[in-house]
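Note sheet for the following structure.
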Amino acid sequence: MPPEEPHQIACHLGRLLDERGITLAELAARVGVTVANLSILKNDRAKAIRFSTLTAICRELDCQPGDLLTFSD
């Protein structure tokens, strides 16, 4: 199996939380995922995200997926 290439997706969860005055723990409770899993996403260590989780995050932060995730070449 070939080695996994690093992804080029950046997550802006920390910035969005700061802008909205919401803690990671508060968002985790609202979304229904663990703080640890959101921390992985926030720190750009996630390899995947479920659409249901993405939907819940966007709903709670009143944002679009493109506000949360960007691609850099």
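Only a predicted model underlies this, so the values are computations on that prediction, with no experimental measurement involved. What you see below is based on every heavy atom in this structure, not just the backbone, and it leaves out hydrogens, waters and symmetry mates. Start at 1 with the first residue, then count along the sequence.
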Counterpart residues, side chain to side chain donor-acceptor pair (under 3.5 Å), relative to Asp44 (two or more places apart)
none
Which residues pass the side chain to side chain donor-acceptor pair (under 3.5 Å) test with Asn37, not counting sequence neighbours?
Thr34
Taking the side chain as every heavy atom from C-beta outward, state whether Leu13 and Leu68 have any pair of such atoms under 4.5 Å apart.
yes
Only pairs at least two apart or in different chains count here, so list each salt bridge (Lys or Arg N to Asp or Glu O under 4.0 Å) that has a residue in residues 49-73.
Arg30-Glu60
Side chain to side chain contact (heavy atoms under 4.5 Å, CB included) partners for Ile9, two or more places apart:
His7, Leu69, Phe71
If two hydrophobic side chains count as joined below 4.5 Å and joins carry through other members, does Ile40 share a cluster with Val35?
no
In chain order, what residues pass the side chain to side chain donor-acceptor pair (under 3.5 Å) check against Arg20, with sequence neighbours excluded?
none
Please list, chain by chain and in numerical order, all residues satisfying side chain to side chain donor-acceptor pair (under 3.5 Å) with Ser52, sequence neighbours excluded.
none
Heavy-atom pair of closest approach, residues Pro65 and Cys58:
N-SG, 3.6 Å
From Leu41 CG over to Thr53 OG1, what is the distance, rounded to the nearest 0.5 angstrom?
9.0 Å
When you group the ILVMFWY residues by side-chain heavy-atom contacts below 4.5 Å and let the links chain together, are Ile49 and Leu61 in the same group?
yes
Please list, chain by chain and in numerical order, all residues satisfying side chain to side chain contact (heavy atoms under 4.5 Å, CB included) with Asn43, sequence neighbours excluded.
Ser39, Arg45
Listed once per pair and sorted, the side-chain hydrogen bond (donor to acceptor under 3.5 Å, both in side chains) pairs that draw on residues 8-17, sequence neighbours left out
His12-Thr70, Arg15-Glu19
Take Ile22 and Leu16 through the side-chain contact (heavy atoms from CB on, under 4.5 Å) test and state the conclusion after the steps.
CA-CA 9 Å; Ile22 299 173; Leu16 292 171; over 6 Å; no
Measuring only between side-chain heavy atoms, which start at C-beta, is Leu27 closer than 4.5 Å to Val33?
no
